[in-house]
Amino acid sequence: MAERTIAKVLSANDSGETGAHQAGILVPRDERLLSFFPRLDPSRYNPRCHLNFLDDSGTFWEFAFIYYNNSLFDGTRNEYRLTRMTKYIRQANLVAGDEITLTRNDEDRYHISHKRKQLTNRAKGGALKLGTGWRIIEI
DNA sequence: AGCCATGCACCG
DNA sequence: CGGTGCATGGCT
């Protein structure tokens with residue numbers, strides 16, 4: 001299998017600028033994105049797995065990929081999240097608009113890096129329209 | 001659907 | 001006891 005890369009532009013909540021302490025970014029239920037991550041069993045309640053990401057400086061960061069799926073049981077939640085990223089985001093000094101890039105090797109090794117915000121997506125009124133932020137670099 | 005927000009458990 | 005992450009509610 002070829003190497004795969006996905007990327008997400010961080011929202012204010014993702015970077016922690018909103019004061020949130022949920023420390024997790026949302027992963028849309030898109031097959032291209034979900035297939036990047038390990039498969040989580042939908043028949044389980046809030047299944048998760050932890051992933052070790054290597055950054056450009058050779059440091060390992062353990063993130064958690066969680067499927068909050070209580071809507072399949074007794075609740076209303078149905079979304080995937082990548083959590084436990086606060087330390088990485090801090091050491092990299094990331095803010096909303098910056099982009100993180102996630103890569104997976106043939107050997108299921110994960111790598112993370114980041115780019116500074118690009119100035120191209122400013123909407124009128126000064127508000128920043130970020131959309132979902134996710135994109136797929138390579139399949 | 002995606003982002004914002006938060007009470008509480010846990011842990012240093 | 002303050003910071004962190006979980007789980008989930010709320011708002012747009």
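Numbered from 1 within each chain, the chains take letters A, B, ... in sequence-line order. No experiment lies behind these values; they were computed from the predicted model shown. Excluded from the calculations below are hydrogen atoms, water molecules and symmetry mates; all remaining heavy atoms, backbone and side chain alike, are included.
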How do A:Leu26 and A:Gly19 order along DNA chain B: which one's closest nucleotide is nearer the 5' end?
-> A:Leu26
What's the NZ-P distance between A:Lys87 and C:dT4, to the nearest Å?
-> 8 Å
Do any pairs count as a salt bridge (Lys or Arg N to Asp or Glu O under 4.0 Å) and have a residue in residues 49-74 of chain A, sequence neighbours left out, and if so which ones?
-> A:Glu62-A:Arg84
Phosphate OP1/OP2 of C:dT4 contacted by A:Arg90 side-chain N/O (<4.0 Å) | yes
Using atom CG of A:Asp14 as one end and atom C1' of B:dG2 as the other, report the distance to the nearest whole Å.
-> 10 Å
Ion pair present between A:Arg135 and A:Glu99, side-chain N to carboxylate O less than 4.0 angstrom?
-> yes
The side chain of A:Thr86 lies closest to which of these nucleotides: B:dG2, C:dT8, C:dT4?
-> C:dT4
Find the distance A:Arg135:CZ to B:dG2:P and express it as a whole number of Å.
-> 17 Å
By salt bridge (Lys or Arg N to Asp or Glu O under 4.0 Å), A:Arg90 pairs with (sequence neighbours left out) none
Is A:His21 side chain donor-acceptor paired with the C:dG2 base, going by distance under 3.5 Å alone?
-> no
Please determine if a side-chain N or O atom of A:Ser11 lies less than 4.0 Å away from the OP1 or OP2 oxygen of B:dC4.
-> yes
Pairwise distance CD1(A:Ile89) to CD(A:Glu17) - rounded to 0.5 angstrom | 10.0 Å
Once you round it to whole Å, what is the distance between C1' of C:dC6 and CD of A:Glu62?
-> 15 Å
Side-chain donor-acceptor contact under 3.5 Å, A:Tyr110 with A:Asn105 = no
Gap between atoms CG and C1', on A:Asn13 and C:dG5 respectively (whole Å) | 13 Å
Any side-chain N or O of A:Thr76 less than 4.0 Å from the OP1 or OP2 oxygen of C:dT8?
-> no
Contact class for A:Asn78 vs. all strands (heavy atom < 4.0 Å): base, sugar-phosphate, or nothing?
-> nothing
Tell me, what's DNA chain B's dot-bracket, Watson-Crick or G-U with both distances under 3.5 Å, | for other-strand, [ ] crossing?
-> ||||||||||||
Classify the side-chain pair A:Ser35/A:Arg4 by whether it contains a donor and acceptor separated by less than 3.5 Å.
-> yes
To the nearest Å, how far apart are A:Tyr67 OH and C:dC6 P?
-> 18 Å
Grab the CZ-P distance between A:Arg48 and C:dA7 for me, whole Å please.
-> 4 Å
Answer yes if the ring centres of A:Phe53 and A:Trp61 are under 6.0 angstrom apart, and no otherwise.
-> no
Does B:dC4 have OP1 or OP2 sitting under 4.0 Å from an N or O in the side chain of A:Thr18?
-> no
Indicate whether any N or O donor in one side chain lies under 3.5 Å from an N or O acceptor in the other, for A:Ser43 and A:Asp41.
-> yes
If each of A:Arg81 and A:Arg29 is mapped to the nucleotide of DNA chain B with the nearest heavy atom, which maps nearer the 5' terminus, i.e. the 5' end?
-> A:Arg29
Looking only at side-chain N and O atoms, does A:Lys8 come under 4.0 Å of OP1 or OP2 in B:dG2?
-> no
Comparing A:Ala64 and A:Arg77 on DNA chain C - which has the more 5′ nearest nucleotide | A:Ala64
With heavy atoms under 4.0 Å as the rule, sort A:Tyr45 into base, sugar-phosphate or nothing.
-> sugar-phosphate
C:dA7 phosphate, OP1 or OP2, under 4.0 Å from A:Tyr68 side-chain N/O = yes
How many Å lie between NE2 on A:His50 and P on C:dG5, as a whole number?
-> 15 Å
